[in-house]
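The structure appears right after this line, and notes come after that.
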Amino acid sequence: TTNYNTISPSLGSYALQAMVAAAAVAFGLICLFMTASYRLPGVISCLTLIFQMSLQILALSLPQYTLTLPGIAGLILSVGMAVDANIIISERIQEELKRGTSVRQAVKNGYKHAFSSVLDGNITTAAVALILMLFGSGTMLSFGYTLFTGVIINLLAGVWMSRFMLTSVVRYDLFHREGMFRRKKGQKMFRLASGRRKIYLFTGAVLLAGAIASGVNGIKLDTQFTGGAILRYTYTGKADTAQAGEAVQGVLDRPVSTQVSEDPLSGQKKLVLTLAGNKGISPDEQEKVLEALDKGKAAEYTLSETSVVEPYIGAKALKNSAVAIGLSSLFIVLYIWVRFSALSGLSAGITAVIALLHDVAIVFFVFGVAKIPLNDAFVAVTLTIIGYSINDTIVLYDRIRENLAHQGKKEGLCGLVDRSITETMGRSVKTAFTTALCVAVVLVFSYIYDIGSIKVFALPLLAGVISGCYSSVCIAGPLWV
């Protein structure tokens, strides 16, 4: 038996249309949010985003990688992450205007002060994407390449192009007005570092609840890691699952579990056969299965998708996934150790990884609570959240490092961290909102069109994005103190 995955043209076209529609909706919502939040800088970011997406589609066509559904979802996720650099820059511009700086100088200073955060965040995310490409194959490779090109183009277009456009338009009197920007309002100090014990108790309670719920449901490995076969059929008529299972079991002489579902939008009926054991199924055996199903004459079946993985391939994929996650964590510790020596680099790196382990645990528990078998989607989501969450943490560390250079004599370390968290809170929440918005759109469309491979990807990713924002703001900074 060989390892392969096939999908019918009609099903593939159906899913592709759904993801294209999701991308259009996500893009429109992001542009509305950015324009409402930042006015002129928001409009500029939308224009750079169009250019950015065009470049990324071109980059995806060059190596002729197979663009899988998770790869398309990664492209949509890039829309949310692409505005990250512009949000950091726009928040900095707002701070400069609040200090009374002129519009042109505020724009110049905003880009200057935001550059280190943008650079560090994109380097770590790009490294995670490269690791995903190095140790992945199929959907992991497609998703990793999509994420990597998105990050690189984001760094170039998000910083260079938007800076060129914004500094050019503010030279005109029409745009050289504070009314074209939003001035940052005063914020109430968030005492998160000072009240960190309550945060630790809440975090511990959430993790304990997730562990208990996952333990009750049980964690299972998908056939991608254990080896095996899954056959998916569309059918018309009335399916008898018990009869179908017995017929297939008689042909293959191996246990078979059956499941039926119906697409709420199109009314299309589906039958899923999961073959027990760790061996695959040959094309000839698939023909015999189809003949056995059609003998009942109560329903007419059409094979839509086949997933077959040999056991040794599954074991190798599981090993590579563990190595990829381990290498990503090690790289982050080393990078932060070098870049943030002013914050006792090693301790800052270890603290950041602890926050990331919290996010990985949340993603793991979502798979357990939702009864989703662990597959390559788990690896892709985990590595994406690691790259995404560390980006948030680096922005906070960058602000702490900046504030340490101007620390008041009466201000303690807890007070300085709280001030840094307060100053970066707007950026962290807005970035998480835009990314979560994109993922939520993908999730909604996957449920509307009943695309299983995207459901098991988008739901944990949405939880991971929210968890990443929480851990960066509430765990990384207070724990470093």
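These numbers were taken from a predicted model, which means no experiment stands behind them.
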Discussion item. Given 3.5 Å as the limit, does a donor-acceptor pair link the side chain of K269 with the main chain of G237, or not?
Written reply: yes
Worksheet item: At their closest point, which heavy atom of V289 faces which heavy atom of Y233, and how far apart are they?
Response: CG1-OH, 3.2 Å
Item to complete: Determine whether L346 and V333 make a side-chain contact, defined as any pair of heavy atoms from C-beta on separated by less than 4.5 Å.
Response: yes
Worksheet item: In Å, rounded to the nearest 0.5 Å, how long is the span from CD1 of I88 to CG of D392?
Response: 8.5 Å
Discussion item. I'd like to know if the side chain of S467 reaches the main chain of G464, judged simply by a donor and an acceptor atom lying under 3.5 Å from each other, with no hydrogens or angles considered.
Written reply: no
Item to complete: Under the side-chain contact (heavy atoms from CB on, under 4.5 Å) rule, what do I390 and I336 come out as? Steps first, then yes or no, please.
Response: CA-CA 10 Å; I390 195 61; I336 292 180; 3.6 Å; yes
Fill in: Criterion side-chain contact (heavy atoms from CB on, under 4.5 Å) against T435, the qualifying member of V465, D84, I466
V465
Discussion item. Are V251 and E285 packed together at the side-chain level, in the sense that at least one heavy-atom pair is separated by less than 4.5 angstrom?
Written reply: no
Worksheet item: Taking T422 for the side chain and F190 for the main chain, is one N or O donor matched with an acceptor at less than 3.5 Å?
Response: yes
Worksheet entry | Minimal non-hydrogen separation, S329 against V353, with atom names | O-CG2, 3.8 Å
Worksheet item: What is the distance from atom CD1 of I332 to atom CG of L327, rounded to the nearest 0.5 Å?
Response: 11.0 Å
Practice prompt. Let me see the working for I354 and W480 under side-chain contact (heavy atoms from CB on, under 4.5 Å), right down to the final yes or no.
Written response: CA-CA 10 Å; I354 292 174; W480 176 76; over 6 Å; no
Discussion item. For C469, is there any backbone N or O sitting under 3.5 Å from a side-chain donor or acceptor partner on S428?
Written reply: no
Discussion item. To the nearest 0.5 Å, what is the distance between CG on N217 and CD1 on I372?
Written reply: 11.0 Å
Worksheet item: Which residue, S471, S389, S472, forms the side-chain contact (heavy atoms from CB on, under 4.5 Å) with L356?
Response: S389
Discussion item. Determine whether T258 and L271 satisfy the following criterion, side-chain contact (heavy atoms from CB on, under 4.5 Å), listing intermediate values before the conclusion.
Written reply: CA-CA 7 Å; T258 60; L271 171 69; 4.3 Å; yes
Item to complete: Answer yes or no: is there a side-chain heavy-atom contact under 4.5 Å between L293 and L273?
Response: yes
Discussion item. Please determine whether a side-chain nitrogen of the Lys or Arg among E423 and R399 lies less than 4.0 Å from a carboxylate oxygen of the Asp or Glu.
Written reply: yes
Worksheet entry | Side-chain heavy atoms of L119 within contact of I123, under 4.5 Å | yes
Item to complete: Check whether any side-chain N or O of N122 sits under 3.5 Å from a backbone N or O of V118 as a donor-acceptor pair, and report yes or no.
Response: yes
Practice prompt. Kindly indicate whether the side chain of I212, heavy atoms from C-beta on, has any atom under 4.5 Å from the side chain of L208.
Written response: yes
Worksheet entry | Point-to-point distance, once rounded to the nearest 0.5 Å, from CG of L192 to SG of C474 | 5.0 Å
Discussion item. Can you confirm whether more than 12 heavy atoms, excluding those of Y200, are under 6.0 Å from its OH atom?
Written reply: yes
Practice prompt. Mind telling me whether Y301 and Y235 have parallel, tilted or perpendicular rings, with 30° and 60° as the class edges?
Written response: tilted
Item to complete: Using a 4.5 Å cut-off on heavy atoms from C-beta on, say whether the side chain of I421 contacts that of P478.
Response: yes
Worksheet item: So L29 and V25, side-chain contact (heavy atoms from CB on, under 4.5 Å) or not? Walk me through it.
Response: CA-CA 6 Å; L29 292 175; V25 172; 4.0 Å; yes
Worksheet item: Under a 4.5 Å cut-off applied to non-hydrogen side-chain atoms, are R196 and L479 in contact?
Response: no
Discussion item. Please check: side-chain N/O of R401 versus main-chain N/O of R339, any donor-acceptor pairing under 3.5 Å?
Written reply: yes
Item to complete: Considering non-hydrogen atoms only, spot the tightest contact between A361 and L207 and give its length.
Response: CB-CD2, 4.1 Å
Practice prompt. Give the ring-plane orientation class for F378 versus F367, where under 30° counts as parallel, over 60° as perpendicular and anything between as tilted.
Written response: perpendicular
Item to complete: Please report the closest heavy-atom contact between A114 and I89, naming both atoms and the distance.
Response: CB-CG1, 3.8 Å
Worksheet, complete the sentence: Note: L416 and N403 closest approach over all heavy atoms is CD1-O, 3.7 Å
Practice prompt. Search all heavy atoms of S45 against all heavy atoms of N86 and return the closest pair with its distance.
Written response: CB-CG, 3.5 Å
Worksheet, complete the sentence: Output for pair (Q56 CD, I153 CD1), nearest 0.5 Å, gives 5.0 Å
Worksheet item: Out of curiosity, L437 CG to I30 CD1, how far, rounded to the nearest 0.5 Å?
Response: 5.0 Å
Worksheet item: When you measure from the side chain of Y397 to the backbone N and O of F340, does any donor-acceptor pair fall under 3.5 Å?
Response: no
Practice prompt. Report yes if the side chains of L374 and F364 come closer than 4.5 Å at any heavy-atom pair, otherwise no.
Written response: yes
